[in-house]
Chemist: 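This structure is in structure tokens; I'll ask about it shortly.
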Amino acid sequence: LISPRLECLPFERYTDGSKWRFLEHKGPVFAPPYEPLPDKVRFYYDGKPMKLSAPAEEVATFFAKMLDHEYTTKDIFRKNFYKDWRKEMTSEEKSKITDLNKCNFSDMNEYFKAQSEARKQMSKEEKLKIKEENERLLQEYGFCIMDNHKERIGNFRIEPPGLFRGRGDHPKMGMLKRRIRPEDIIINCSKDSKHPKPPPGTKWKEVRHDNKVTWLASWTENIQGSIKYIMLNPSSRIKGEKDWQKYETARRLKKCVDRIRAQYRDDWKSKEMRIRQRAVALYFIDKLALRAGNEKEEGETADTVGCCSLRVEHIKLYPKLDDQEYVVEFDFLGKDSIRYYNKIPVEKRVFKNLQLFLENKQPEDDLFDRLNTSILNKHLQELMDGLTAKVFRTYNASITLQQQLKELSCSDDSIPAKVLSYNRANRAVAILCNHQRAPPKTFEKSMQNLQTKIDEKQNQLSAARKQLKAAKADHKASHDDKSKKIEEQLMKLQVQATDREENKQIALGTSKLNYLDPRISVAWCKKWAVPIEKIYNKTQREKFAWAIDMAEKDYEF
DNA sequence: TGCACGACTTGCATGCAACCCA
DNA sequence: TGGGTTGCATGCAAGTCGTGCA
């Protein structure tokens with residue numbers, strides 16, 4: 001698909017900004033219609049059973065299904081849910097149901113639990129039937145034709161209705177996400193294709209033929225009023241080329257990053273406040289891999305920030321802390337309300353600038369009051385074609401992986417030890433980018449299990465060695481292989497334990513999928529004779545097929 | 001210049017299937 | 001063979017950034 005000769009020349013397939021010439025697909029798959037509850041499943045109001053109208057019942061089931069979740073105990077969630085639920089009630093229901101606290105959904109909740117239990121208990125044949133039906137749906141709706149290629153669609157199913165769950169302290173949690181109908185859907189395909197048919201008796205909102213965009217269908221979601229799209233899978237040509245381009249931009253930054261760094265250091269001394277702010281912000285983005293930090297509409301989303309939107313309350317300055325000078329302490333909620341906490345020593349000039357920016361400000365004031373992402377990105381664009389704040393994250397992530405791999409890899413290591421080194425390099429990047437996860441619920445237990453296995457293996461090994469000694473006395477060497485094999489197994493387990501422990505609160509997936517130039521990994525695998533399957537699973541290999549084709553063992557980011 | 005909007009990327013959590021072991 | 005574990009796919013929320021308009 002992509003010729004290796006073009007390695008350094010990621011191309012625009014079309015010069016007029018169009019993304020395709022031909023696009024044909026079957027349209028989306030809608031959520032199954034609501035099935036009313038059997039009469040025996042009761043909803044109680046104020047202790048008395050009450051039959052709900054279908055629309056009110058459906059929304060009630062969304063709440064009932066979540067009863068075990070912490071969300072349903074939160075005031076905002078309950079308030080938002082109740083308000084939207086009432087809109088679905090008949091006037092009679094509205095006048096009867098006046099207090100959510102008097103609503104009892106537990107019978108419904110138990111019914112759903114029993115249902116999911118029953119699903120687990122289904123016979124093999126029944127499960128197979130469902131699997132086949134899913135496969136049929138995938139074959140029919142899961143692919144499209146784009147410019148002579150059959151491509152996998154990323155999300156061909158429309159999101160079902162339900163209760164909105166934001167992340168962090170979201171002011172809209174609990175609101176009703178309404179059901180999407182064909183009348184809400186805009187279809188995008190080429191004129192000369194076979195247009196998708198809406199379900200019998202329905203119509204699409206619109207059918208358009210816009211080849212300047214990559215999406216196949218879209219609808220407007222009712223919580224934030226934003227548009228949702230049906231797009232292609234990461235393995236598709238259109239996503240792959242874009243991904244490749246992204247890494248090529250980061251590689252161009254590598255060539256001029258020294259110049260840019262010298263420039264912003266110089267700008268720390270500027271007469272103009274806005275230039276100093278821009279330079280300090282850029283320093284943070286570069287050094288700490290912070291996100292750009294767009295402004296957000298207050299009250300519409302959780303209160304999170306990035307670099308440009310940092311507030312006074314998010315940093316603390318310590319002229320001296322322990323044995324270090326000029327320390328900045330960051331403490332704020334970033335994307336997805338993940339906490340960013342870091343104490344780092346900075347250069348004196350940066351520190352003095354920060355003190356200046358803080359003068360006469362309240363905790364809730366912007367740290368960089370003369371800066372926003374658009375100003376910053378305009379500046380970056382002047383420094384390098386295609387440069388934006390997020391390119392620094394990609395660049396620093398990829399260059400860190402490359403450096404770490406160089407440092408950690410050792411030719412004498414076994415394959416598992418090499419893979420551990422890879423994971424550690426990956427981990428360094430995840431830490432830099434603050435990619436965290438909640439420790440798995442079963443973490444402690446699974447660590448214990450692993451330790452038990454290690455102990456057993458150790459016992460096995462010493463037994464085998466004893467046996468070997470005895471055998472040697474008998475001039476039989478055949479047991480040597482055996483202890484060697486056990487040693488290998490033991491080592492593998494120990495490596496696994498180390499890896500898991502170090503990974504307790506770190507999520508590697510995001511950096512691997514979005515920030516690390518896959519050609520670095522492919523080259524490393526070739527250089528150290530590690531099978532690519534050890535690094536990338538099947539889906540990842542499909543996504544990075546372009547890189548697997550392209551990179552040789554001497555590839556340099 | 002500021003803002004709203006649209007398109008696309010990034011991100012964590014969840015749920016399920018495959019796997020493993022007793 | 002069942003029950004727990006693990007790895008992976010999926011879901012969908014929440015970012016970034018460019019554009020067009022007043």
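For the numbers below, each heavy atom of this structure counts, side chains included, while hydrogens, waters and symmetry mates do not. Here the structure is a predicted model, which means the values were calculated and not measured. Chain letters run A, B, ... following the sequence lines, proteins first and then strands; every chain starts at 1.
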Chemist: Could you tell me the separation between the NZ atom of A/Lys65 and the P atom of B/dG15, rounded to a whole number of Å?
Modeler: 12 Å
Chemist: So A/Glu221, base contact, sugar-phosphate only, or nothing? Heavy-atom distance under 4.0 Å.
Modeler: nothing
Chemist: For A/Glu70 and B/dA13, what is the distance between atoms CD and P respectively, to the nearest whole Å?
Modeler: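 Value for this atom pair: 13 Å.
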Chemist: If you find the nucleotide of DNA chain C closest to A/Arg152 and the one closest to A/Ala389, which residue's nucleotide is nearer the 5' end?
Modeler: A/Arg152
Chemist: Set out, line by line, the N/O atom pairs under 3.5 Å between protein and nucleotides 5-7 of chain B.
Modeler:
residue : atom : partner  : partner atom : Å
B/dA7   : OP1  : A/Trp215 : NE1          : 3.4
B/dA7   : OP2  : A/Tyr229 : OH           : 2.7
B/dA7   : O5'  : A/Tyr229 : OH           : 3.3

Chemist: Please give, in whole Å, the distance from B/dT10 P to A/Leu508 CG?
Modeler: 17 Å
Chemist: Got a sec, which residues hit ring-ring contact (aromatic ring centres under 6.0 Å, His included) with A/Phe392, two or more places apart in sequence or on another chain?
Modeler: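 For A/Phe392 there are no ring-ring contact (aromatic ring centres under 6.0 Å, His included) partners, ignoring immediate neighbours.
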Chemist: Side chain of A/Asn514 only, please: which of C/dA14, B/dT10, C/dA13 is the nearest?
Modeler: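 The listed nucleotide nearest to A/Asn514's side chain is B/dT10.
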Chemist: Under 4.0 Å from OP1 or OP2 of C/dC17: is there any side-chain N or O of A/Thr388 that close?
Modeler: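 For A/Thr388, the contact criterion (side-chain N or O under 4.0 Å from OP1 or OP2 of C/dC17) is met.
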Chemist: State which residues pass side-chain contact (heavy atoms from CB on, under 4.5 Å) with A/Glu364; sequence neighbours excluded, sorted by chain then number.
Modeler: A/Glu313, A/Gln362
Chemist: Choosing from B/dC16, B/dC12, C/dC17, which nucleotide comes nearest the side chain of A/Ile338?
Modeler: B/dC12
Chemist: Does A/Lys390 reach a base, just sugar-phosphate, or nothing at all? Heavy atoms under 4.0 Å.
Modeler: sugar-phosphate
Chemist: Can you give each donor-acceptor pair under 3.5 Å made by side-chain atoms of residues 161-169 of chain A, sequence neighbours left out, with the distance rounded to 0.1 Å?
Modeler:
residue  : atom : partner  : partner atom : Å
A/Arg167 : NE   : A/Asp336 : OD1          : 3.2

Chemist: Excluding sequence neighbours, so at least two apart, what forms ring-ring contact (aromatic ring centres under 6.0 Å, His included) with A/Tyr141?
Modeler: none
Chemist: Only counting residues at least two apart or in another chain, list the ones meeting side-chain contact (heavy atoms from CB on, under 4.5 Å) with A/Asn222.
Modeler: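 Checked A/Asn222 against side-chain contact (heavy atoms from CB on, under 4.5 Å); matches are A/Lys177, A/Arg178.
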Chemist: Could I get the full list of ring-ring contact (aromatic ring centres under 6.0 Å, His included) partners for A/His379, not counting sequence neighbours?
Modeler: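 Per chain and number, A/His379 pairs via ring-ring contact (aromatic ring centres under 6.0 Å, His included) with no residue.
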Chemist: Looking across every strand, which nucleic acid part, if any, lies under 4.0 Å from A/Pro234 by heavy atom: base, sugar-phosphate, or nothing?
Modeler: nothing
Chemist: Checking side-chain polar atoms at under 3.5 Å, does A/Glu135 have a donor or acceptor matched by the opposite partner on A/Gln139?
Modeler: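 The criterion, which ignores hydrogens and geometry beyond distance, is satisfied for A/Gln139 and A/Glu135.
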Chemist: Output side-chain donor-acceptor pairs under 3.5 Å for residues 22-35 of chain A, partner residues at least two apart or in another chain, one line each.
Modeler:
residue : atom : partner  : partner atom : Å
A/Glu24 : OE1  : A/Lys194 : N            : 2.6
A/His25 : ND1  : A/Gly27  : N            : 3.1
A/His25 : NE2  : A/Asn188 : O            : 2.8
A/His25 : NE2  : A/Leu216 : O            : 3.2
A/Lys26 : NZ   : A/Glu140 : OE2          : 3.4
A/Tyr34 : OH   : A/Glu57  : OE1          : 2.7

Chemist: On DNA chain B, nearest-nucleotide positions of A/Ile375 versus A/Cys433: which is more 5'?
Modeler: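 The answer here is A/Ile375.
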Chemist: Short question: side chain of A/Thr72, backbone of A/Asp68 - any donor-acceptor pair under 3.5 Å?
Modeler: no
Chemist: Would you say B/dT10 has OP1 or OP2 under 4.0 Å from some side-chain N or O of A/His435?
Modeler: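 Indeed not, no polar side-chain atom of A/His435 lies that close.
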Chemist: Within the pair A/Lys239 and B/dT9, is there a side-chain N or O less than 4.0 Å away from OP1 or OP2?
Modeler: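 So the side chain of A/Lys239 is within the cut-off, an N or O lying under 4.0 Å from OP1 or OP2 of B/dT9.
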Chemist: Name all residues meeting the side-chain contact (heavy atoms from CB on, under 4.5 Å) criterion together with A/Arg393; count only those two or more places apart in sequence or in a different chain, and write none if there are none.
Modeler: A/Ala289, A/Arg291, A/Cys433, A/His435, A/Tyr515
Chemist: Between atom CG in A/Asp68 and atom C1' in B/dT14, what is the gap in whole Å?
Modeler: 15 Å
Chemist: Write down the distance between CZ (A/Arg437) and P (C/dT6), rounded to a whole number of angstrom.
Modeler: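 In whole Å, C/dT6 P and A/Arg437 CZ are 11 Å from each other.
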Chemist: Using a cut-off of strictly less than 4.0 Å, decide whether A/Asn377 has a side-chain nitrogen or oxygen near OP1 or OP2 of C/dC17.
Modeler: yes
Chemist: What's the CZ-C1' distance between A/Phe156 and C/dC12, to the nearest Å?
Modeler: 16 Å
Chemist: With DNA chain C as reference, determine whether A/Gln224 or A/Asn537 sits nearer its 5' end, using the nearest nucleotide of each.
Modeler: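 Nearer the 5' end of the strand: A/Asn537.
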Chemist: Separation of A/Lys242 atom NZ from B/dT9 atom P, in whole Å?
Modeler: 4 Å
Chemist: Atom CD1 of A/Ile230 and atom P of C/dC12: how far apart are they, to the nearest Å?
Modeler: 12 Å
Chemist: Give a yes or no on whether a donor-acceptor pair under 3.5 Å exists between the nucleobase atoms of B/dC12, that is its base, and the side chain of A/Arg167.
Modeler: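 Yes, the side chain and the base share a sub-3.5 Å donor-acceptor pair.
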Chemist: Under the ring-ring contact (aromatic ring centres under 6.0 Å, His included) rule, what pairs show up with a residue in residues 209-236 of chain A, not counting sequence neighbours?
Modeler: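 For residues 209-236 of chain A, and leaving out neighbouring residues, the ring-ring contact (aromatic ring centres under 6.0 Å, His included) pairs sorted by first residue read A/His195-A/His209, A/Trp215-A/Tyr229.
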Chemist: Looking at A/Lys378, I'd like to know whether one of its side-chain N or O atoms comes within less than 4.0 Å of OP1 or OP2 on C/dC17.
Modeler: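 The answer is no; no side-chain N or O of A/Lys378 sits under 4.0 Å from OP1 or OP2.
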Chemist: At a heavy-atom distance below 4.0 Å, what parts of residues 129-146 of chain A sit against DNA chain C?
Modeler: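 None - not one residue of the stretch has a heavy atom sitting under 4.0 Å from the strand.
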Chemist: Below 4.0 angstrom, which residues in residues 283-298 of chain A have at least one non-hydrogen atom near DNA chain C?
Modeler: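 Contacting residues: A/Arg291, A/Ala292, A/Gly293, A/Asn294, A/Lys296.
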Chemist: Hey, does the Lys NZ or Arg CZ of A/Arg311 hover above the aromatic six-ring of A/Phe332, less than 6.0 Å from the centre and inside 45° of the axis?
Modeler: no
Chemist: Can you check whether A/Ser374 has a side-chain N or O nearer than 4.0 Å to OP1 or OP2 of B/dG2?
Modeler: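 Answer is no, no contact under 4.0 Å.
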Chemist: For residues A/Asp369 and A/Gln277, is any side-chain donor paired with an opposing acceptor at under 3.5 Å?
Modeler: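 Yes, side-chain donor-acceptor contact under 3.5 Å.
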Chemist: Which part of the nucleic acid does A/Ala302 contact within heavy-atom distance under 4.0 Å: base, sugar-phosphate only, or nothing?
Modeler: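 A/Ala302: no heavy atom of the nucleic acid under 4.0 Å.
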